Amino acid sequence: MAVTLADVARRSGTSTAVVSYVMNNGPRPVAPATREKVLKAAAELGYRPNRIARALRSRTSGVVGLVLADASNPYFAALARHLEEALEEHDKLTLTGNAGYAADRQQHLVERFLAAQVDGLIIVSGDGGNDVAAEASAAGVPSVYVHNAPAGARTPAVAADNDTAVRAAVAHLRDTHGLHEIAFLAGPRDSGPVGLRREAWRSSTADLEDEPLLLRCDYTRAAAAELIAALAADGRLPRALIAATDEQAIGILAATFAAGVRVPEDLAVISLDGAPESAYTAPALTVTSQPLKAMAERAVALLLGEATRPYTPSADLVVRGSCGCAAGR
């Protein structure tokens, strides 16, 4: 049989009310010594609070739905980890769904989470898509976008300063390494954060004599590797390349190695995500590091009403070996 509050109360020599106050962190304070006795008794008996019963009493589920653009992408996985940690600090359980870059799947997940009566929704959206958070607002459920918000969305959004980050990457290639043939690898579309990154690249290279090369492929290692292999075979590789995502940048490194193209001697590479694994490529990727922890903490604060305004944290340039610097080789 399941261990109950009464069992814990008997073991600790307290009342069920006191045990409830300890397990729910209120509403009344409990003396430290008494709290310790209750927690010790609960651990000895293997007591686990009934989240469903608590939800019925408080009319809250204690659960937050997290919709990820692509759970297999290390960048989104790292962001999800920081969001989960931030929610855990507020005693919120995270229920995660993977949209797989599919707008209809994202819509379906939002509907399922609302049906499950989550306390809030965090939506990590990829390029494009509809304003699915509007449905949460209509249902009276707080929500927040992270990384990207659809055009025209009225829901708060937390994203890094992509414009400044890209300009820093271009300036580094030009001023530090003297490179002026700086291409950009975008995705198949121009919306969302990648669209902003592309515009910043275009603007910051507008004074170059020759029009910079814009490349496109899916946001996968395989797609980027196939593209770079074809360019290398035709002798059309640029001297420097800024990749919109780490997944594409890793594919670039694999393809250049296979083609005998040296990075950074023949091709300098900078990536614009900065997921943790970008430090462990060969050579290590120079990146504009997205401030994932800060983004997650602000998103959770907005969701739970502890902050009223989004903010735009900087994505700092982290210099490693792929751009031509000695650091990180």
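Owing to the predicted nature of the structure, the values given are computational and were not obtained by experimental measurement. Along the sequence shown, residues carry numbers from 1.
Atom CD of Glu226 is surrounded by 12 or fewer heavy atoms from other residues, nucleotides or ligands within 6.0 Å. Heavy-atom neighbours of Arg112 CZ from other residues, nucleotides or ligands within 6.0 Å: at or below the threshold of 12. The environment of Phe257 atom CZ is sparse: at most 12 non-hydrogen atoms of other residues, nucleotides or ligands sit within 6.0 angstrom.
Expressed to the nearest 0.5 Å, how far CD1 of Ile123 lies from CG of Asn148 amounts to 11.0 Å. Once rounded to the nearest 0.5 Å, the distance linking OG1 of Thr205 with CD of Glu181 reads 11.5 Å. One finds the CD atom of Glu44 at 5.0 Å from the CZ atom of Arg11 (value rounded to the nearest 0.5 Å). Remark: Thr16 OG1 to Asp7 CG distance equals 11.0 Å, nearest 0.5 Å. For the atom pair Glu199 CD and Ser204 OG, the distance stands at 10.5 Å (nearest 0.5 Å). With rounding to the nearest 0.5 angstrom, the CG atom of Leu267 is 11.5 Å from the SG atom of Cys323.
When the side chains of ILVMFWY residues are joined at heavy-atom separations under 4.5 Å, either directly or via intervening members, Leu185 and Val194 end up in two distinct hydrophobic clusters. Ile182 and Leu231 fall into different hydrophobic clusters, defined by Ile, Leu, Val, Met, Phe, Trp and Tyr side-chain heavy atoms under 4.5 Å apart, directly or through other members. Tyr75 and Leu253 are members of different hydrophobic clusters when ILVMFWY side chains are connected at heavy-atom separations under 4.5 Å. Grouping the Ile, Leu, Val, Met, Phe, Trp and Tyr side chains by contacts below 4.5 angstrom, directly or via other members, places Met295 with Leu302. Criterion: ILVMFWY side-chain heavy atoms under 4.5 Å apart, direct or through other members. Under it, Val166 and Leu196 are not part of a common hydrophobic cluster.
Legend: residues meeting side-chain hydrogen bond (donor to acceptor under 3.5 Å, both in side chains) with Thr164, ordered by chain and number and at least two apart, are Asp161. Qualifying ring pair (Phe, Tyr, Trp, His ring centres under 6.0 Å) partners for Phe76, counting only residues two or more places apart in sequence or in other chains: His147. With sequence neighbours left out, the ring pair (Phe, Tyr, Trp, His ring centres under 6.0 Å) criterion links Tyr219 to no other residue. Partners of Arg239 under the side-chain hydrogen bond (donor to acceptor under 3.5 Å, both in side chains) rule, at least two apart in sequence or in another chain, do not exist in this structure.
A donor-acceptor pair under 3.5 Å links the side-chain atoms of Arg320 to the main chain of Leu285, judged by distance alone. Under the 3.5 Å distance criterion, the side-chain polar atoms of Arg216 are matched with a main-chain donor or acceptor of Gly187. Here the side chain of Arg197 pairs no donor or acceptor atom with the backbone of Thr245 at under 3.5 angstrom. Under a 3.5 Å cut-off, the side chain of Tyr311 and the backbone N or O of Ala159 do not form any donor-acceptor pair. Distance alone, capped at 3.5 Å, places no donor-acceptor pair between the Thr176 side chain and the Leu173 backbone. With hydrogens and angles ignored, the 3.5 Å screen pairs no side-chain donor or acceptor of Ser322 with any backbone N or O of Ile270.
Leu83 places none of its side-chain heavy atoms less than 4.5 Å from the side chain of Leu292. Counting heavy atoms from C-beta on, the side chains of Val22 and Val19 never come closer than 4.5 Å. The shortest distance between side-chain heavy atoms of Leu317 and His172 falls below 4.5 Å. When side chains are defined from C-beta on, Arg174 does not count as touching Leu179, because their heavy atoms never get closer than 4.5 Å. The shortest distance between side-chain heavy atoms of Asp246 and Leu272 does not fall below 4.5 Å. Using a 4.5 Å cut-off on side-chain heavy atoms (C-beta onward), Pro310 and Pro156 make contact. By the 4.5 Å heavy-atom criterion applied to side chains, Val67 and Arg105 are not counted as neighbours. Proximity of Asp316 to Thr288: side-chain heavy atoms (C-beta onward) are nowhere separated by under 4.5 Å.
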Item checked: Stepwise side chain to side chain contact (heavy atoms under 4.5 Å, CB included) check, Tyr47 with Leu5 -> CA-CA 8 Å; Tyr47 172 75; Leu5 282 178; 3.3 Å; yes

Next item on the list: I would like to know whether Leu213 and Arg236 meet side chain to side chain contact (heavy atoms under 4.5 Å, CB included); could you show each step before the answer?
Entry: CA-CA 10 Å; Leu213 178 65; Arg236 295 189 294 119; 5.9 Å; no

Item checked: Check against salt bridge (Lys or Arg N to Asp or Glu O under 4.0 Å), Glu211 and Arg202 -> CA-CA 9 Å; Glu211 183 175 352; Arg202 180 72 75 187; 3.5 Å; yes

Notebook entry, point to check: Please walk me through it: do Glu85 and His82 pass side chain to side chain contact (heavy atoms under 4.5 Å, CB included)?
Noted result: CA-CA 5 Å; Glu85 290 172 352; His82 286 296; 3.8 Å; yes

Margin query: Using the rule given for side chain to side chain contact (heavy atoms under 4.5 Å, CB included), can you reason through Leu95 versus Phe113, listing the C-alpha separation, both sets of side-chain angles and the distance that settles it, and then say yes or no?
Written below: CA-CA 8 Å; Leu95 186 61; Phe113 285 153; 3.4 Å; yes

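Summarising the geometry of Ala160 relative to Pro291, their closest heavy-atom pair is CB-CD, 3.7 Å, with the distance given to 0.1 Å. Contact record, Asn98 with Ala69: OD1-O, 3.9 Å, taken as the closest heavy-atom pair. Summarising the geometry of Val8 relative to Ala42, their closest heavy-atom pair is CG1-N, 4.0 Å, with the distance given to 0.1 Å. Between Gln106 and Asn130, the closest heavy-atom pair is OE1-O, 4.2 Å. When all heavy atoms of Ala186 and Gln248 are compared, the pair lying nearest together is O-NE2, 3.1 Å. Residues Ala71 and Ala77 share a closest heavy-atom pair of O-CB, 4.0 Å.
Looking at Ser12 and Thr14, their side chains do bring a donor and an acceptor atom within 3.5 Å of each other. In summary, the side chains of Ser271 and Asp273 do not present any donor paired with an acceptor at a separation below 3.5 Å, with no hydrogens or angles considered. Between Asp218 and Tyr101, the side chains place no donor N or O within less than 3.5 Å of an acceptor N or O (distance only, hydrogens not considered).
Checking Ile252, Ile250, Thr256 one by one against Val269, the side chain to side chain contact (heavy atoms under 4.5 Å, CB included) holds for a single residue, Ile252.
Of the charged side-chain nitrogens involved, at least one lies within less than 4.0 Å of a carboxylate oxygen, so that Arg167 and Asp163 count as a salt-bridged pair. Using a 4.0 Å cut-off between charged side-chain N and carboxylate O, Lys293 and Glu297 make a salt bridge. Between Glu277 and Arg221 there is a salt bridge, since a side-chain N of the basic residue sits under 4.0 Å from a carboxylate O of the acidic one.
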Would you list the atom pairs, donor with acceptor, under 3.5 Å between side chains in residues 27-39 and any protein atom, with sequence neighbours excluded?
none

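When hydrophobic residues (I, L, V, M, F, W, Y) are linked wherever their side-chain heavy atoms come within less than 4.5 Å, Tyr280 remains an isolated member.
Taking the ring axis of Phe184 as reference, the NZ or CZ atom of Arg198 does not stay both within 45° of it and closer than 6.0 Å to the ring centre.
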